[in-house]
Every structure is written in C-alpha cells, then in structure tokens.
Amino acid sequence: MNRKKLQKLTDTLTKNCKHFNKFEVKCLIKLYYNLVGDIIERQGVVNGLDRNAFRNFLHVTFGMTDDMIMDRVFRGFDKDNDGCVSVSEWVYGLSLFLRGTLEEKMKYCFEVFDLNGDGFISKEEMFHMLKNSLLKQPSEEDPDEGIKDLVEITLKKMDHDHDGKLSFSDYEQAVREETLLLEAFGPCLPDPKSQMEFEVHIFKDPNEYIDM
C-alpha cells in the first residue's frame, strides 16, 4: 500500500476509533497487511483475514487455545459475516478487545457467550463452554456431572430474575458486582500480560529514540 493510501485509510479509521490514536492505528494497519500478505503467499487472492489466520493470530499472540471461543471471537470481529476480517473490522475490533470500557467488554463477552444469538445464555450454552474450557482431568466420576453442578452454581450467582437463563441485564448486574465474572464461560479477552507485550511490540515508533 502506498503512503498516500495508507495515510487516507489511517485518517478514516482514526476518526471512528475510540481507543487508538493515529500512530497506533497506522501500526495496526501495517500489521494487518503483513498478516494478509502471509495468506496471499499461501493461497493467492484473499478478501481479508480468514478464520484460520485470525485464530492463529489469537493463539500465537494471546495464547488462546479454546476453539469454540476463538471461533466466537472471530465472529465478534467479523461484523458483516463475510467470513473475513476487513482492515476496519480489525482496527475497531482490536480497539474494544485491547482497550474497551467495561460496558463495551460486557456487550462483547455476552455476544461471544450467546452461542445461538438469541439474546440469552442458556444452560446448554454454559455447559458447552464450561466443558470446553475446563481441563479434562481423568477421574472416576462423570465429568459432565461436575460441569452440570458448576452451571447450577453459576446460575444461582448470576441469574437475578431466576428464569433459568442469563439475559444481558442478569449478566451485566453480576459483572458489575464481581468483575471476575466478565469471562465466566471462557477467556475471550487478552490477559493483561499478553496485551501489554502485544502493544509494546506493535506500537514502537522507529523515529522515537528514548534515552535509557
């Protein structure tokens, strides 16, 4: 991408981006085209970051390993559901993913956990996610029973209107009381350490020499 095009794209995305400044947006655009360039070398023509490349990025950069959650994070970024993350979806997605407010993160996590998109997190959805994210430990007992118990405990703590499923307002109220419940059903946000490492690595300006 030539400098003029990059500048124009940077300006456009910075205008609509809440949490990154112009320099950071430019760094993220460059990273995006590096990642897309790698796919082009392998496959030829592409429309953006496909599911595999995106999941690979989440795995390598943020240590994510849960297939179901990574798939849901991909859907959270891919707003137009075309199977690829475009450069604008990439910048806006990372803005929330890395620096979103609690409100933004709650909406995002709830969408990740609401597997069928009906506006509720059902017992079945909780069961699937918890079964997926908890380590399979060999034991004599039926592991499913333990997970069912965990679902019941979680519902008791989070289901404020006692209808047997979590609406967004149930979830929001629970998270406001106890922030750790934000990722109750699986890690779908970067942990602070990998977030910091990513930002330090990506947002470095070659023109700024800091005297140590």
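Computed from a prediction, not measured in an experiment: that's the story for all the values here.
Heavy atoms only, all atoms of each residue included: Asp170 and Lys165 are closest at OD2-O, 3.3 Å. Across all their heavy atoms, Lys79 and Glu89 have their closest contact at N-OE2, 3.1 Å. Taking both residues in full, the closest heavy atoms of Cys109 and Glu183 are given as SG-CG, 4.4 Å, listed atom of the first, atom of the second, then distance. Nearest heavy-atom pair across Ala184 and Met158 is CB-SD, 4.3 Å. Listed here is the closest heavy atom pair of Leu98 and Phe198: CD1-CE2, 3.6 Å. Across all non-hydrogen atoms, the minimal contact from Ser88 to Leu13 is CB-CD2, 3.5 Å.
Trp90 and Phe77 have tilted rings, their planes meeting at an angle from 30° to 60° on a 0 to 90° scale.
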Point to revise | Val73 vs Phe62, side chain to side chain contact (heavy atoms under 4.5 Å, CB included): CA-CA, chis, key distance, verdict | key: CA-CA 12 Å; Val73 174; Phe62 300 112; over 6 Å; no

Point to revise | Residues Thr61, Glu197; criterion side chain to side chain contact (heavy atoms under 4.5 Å, CB included); working and verdict | key: CA-CA 9 Å; Thr61 312; Glu197 284 170 0; over 6 Å; no

**Study point:** CA sep, side-chain torsions, deciding dist, call: Glu104, Thr101, side chain to side chain contact (heavy atoms under 4.5 Å, CB included)
**Key:** CA-CA 5 Å; Glu104 289 169 331; Thr101 61; 3.3 Å; yes

Point to revise | Full working for side chain to side chain contact (heavy atoms under 4.5 Å, CB included) between Phe74 and Asp50 | key: CA-CA 9 Å; Phe74 174 78; Asp50 62 19; 5.9 Å; no

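Met106 is connected to Leu181 through a chain of hydrophobic side-chain contacts under 4.5 Å among Ile, Leu, Val, Met, Phe, Trp and Tyr, so both are in one cluster. The cluster map of Ile, Leu, Val, Met, Phe, Trp and Tyr, joined by side-chain heavy atoms under 4.5 Å apart, puts Met196 and Phe97 in different clusters. Linking ILVMFWY side-chain heavy atoms closer than 4.5 Å, directly or via other members, places Phe120 and Leu115 in two distinct hydrophobic clusters.
For the atom pair SG of Cys188 and CG of Leu182, the computed distance is 7.0 Å after rounding to the nearest 0.5 Å. Atom CG of residue Leu49 and atom CG of residue Asn52 lie 11.0 Å apart, to the nearest 0.5 angstrom. Note that the CG atom of Asp144 and the NZ atom of Lys131 stand 3.5 Å from one another [nearest 0.5 Å]. Atom OG of Ser122 is separated from atom CG of Asp114 by 8.0 Å, given to the nearest 0.5 angstrom. Expressed to the nearest 0.5 Å, how far CG of Asp78 lies from OG of Ser86 amounts to 8.0 Å. Atom-to-atom distance recorded for Ile29:CD1 and Leu6:CG is 5.5 Å, nearest 0.5 angstrom.
Within the 4.5 Å cutoff, the side chain of Glu199 has heavy atoms near those of the Arg99 side chain. Considering only heavy atoms from C-beta on, Met126 comes within 4.5 Å of Phe185 through its side chain. By the 4.5 Å heavy-atom criterion applied to side chains, His160 and Glu177 are counted as neighbours. With contacts defined as side-chain heavy-atom distances shorter than 4.5 Å, the pair Leu9/Tyr33 qualifies.
No donor-acceptor distance shorter than 3.5 angstrom exists from the side chain of Tyr171 to the backbone of Ile121, with no hydrogens or angles considered. In this structure a side-chain-to-backbone donor-acceptor pair under 3.5 Å is present from Tyr32 to Val85. Side chain of His59 to main chain of Met64: a donor-acceptor pair is present (N/O by atom type, distance under 3.5 Å, no hydrogens or angles).
No side-chain donor-acceptor contact under 3.5 Å links Thr14 and Asp11. When only modelled atom types and interatomic distance are considered, Glu24 and His19 share no side-chain donor-acceptor pair under 3.5 Å.
Residues Arg55 and Asp71 are paired through a salt bridge, judged by an N-O separation under 4.0 Å between the basic side chain and the carboxylate. Salt bridge absent: Glu103 and Lys107 never bring a charged side-chain N and a carboxylate O closer than 4.0 Å. With respect to the salt-bridge test (charged N to carboxylate O, under 4.0 angstrom), the residues Glu111 and Arg72 do not qualify.
Every residue two or more places apart in sequence or in another chain was checked for a ring-ring contact (aromatic ring centres under 6.0 Å, His included) with Tyr92, and none qualifies. For Phe168, the ring-ring contact (aromatic ring centres under 6.0 Å, His included) partners at least two apart in sequence or on another chain are Phe110.
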Under 3.5 Å donor-acceptor pairs involving side-chain atoms of residues 146-154, not counting sequence neighbours:
residue: Glu152; atom: OE2; partner: Lys123; partner atom: NZ; Å: 3.1
residue: Thr154; atom: OG1; partner: Leu150; partner atom: O; Å: 2.7

